[in-house]
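Step one of this worksheet: look at the structure below.
Quick caveat: nothing in here was measured; it's all calculated off a predicted structure.
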Amino acid sequence: MNHNRARAAPLPLGSATFERPADRGLLQSGEPLLAAHHFCGLLLWIPVNKAMFYGSPQHTETELDHYATAGVRAFLAAYR
């Protein structure tokens, strides 16, 4: 496996996704790629960790919605 390539793999939401709102003054981020990493981490941390440490739990739509909403709120609190 080429580890350099794996580290360089694009996020589902690339840094360009966060450059546009930053350019418009809607997000405060001098590092759009880092902001993209933070956003994805906030959305995925709980469900991925539950899957890794407890097997493959079946999350309800309500739980996933709650995780996503809380992640977005935390992201906006840090970057708005």
Return a table of donor-acceptor pairs under 3.5 angstrom between the side chains of residues 61-70 and protein atoms on other chains or two or more places apart.
from, atom 1, to, atom 2, distance (Å)
Glu63, OE1, Thr60, N, 2.9
Glu63, OE1, Thr60, OG1, 3.4
Tyr67, OH, Lys50, NZ, 2.9
Thr69, OG1, Asp65, O, 2.9

query: Atom CG of Leu34 and atom CZ of Phe18: how far apart are they, to the nearest 0.5 Å?
result: 10.5 Å
- prompt: Linking I/L/V/M/F/W/Y whenever their side-chain heavy atoms sit closer than 4.5 Å, directly or via other members, would Val48 and Phe53 fall into one cluster?
  reply: yes
Donor-acceptor list for residues 73-80 side chains, cut-off 3.5 Å, not counting sequence neighbours:
from, atom 1, to, atom 2, distance (Å)
Tyr79, OH, His38, ND1, 2.5

Pairs where residues 24-36 contributes a residue and the test side-chain hydrogen bond (donor to acceptor under 3.5 Å, both in side chains) is met, not counting sequence neighbours: none
message: Within the 4.5 Å heavy-atom criterion, are Phe39 and Val72 side-chain neighbours or not?
response: yes
Heavy-atom closest pair, residues Pro32 and Glu19: CG-CG, 3.5 Å
- prompt: With ILVMFWY side chains joined below 4.5 Å, transitively, what does Leu26's cluster contain besides itself?
  reply: none
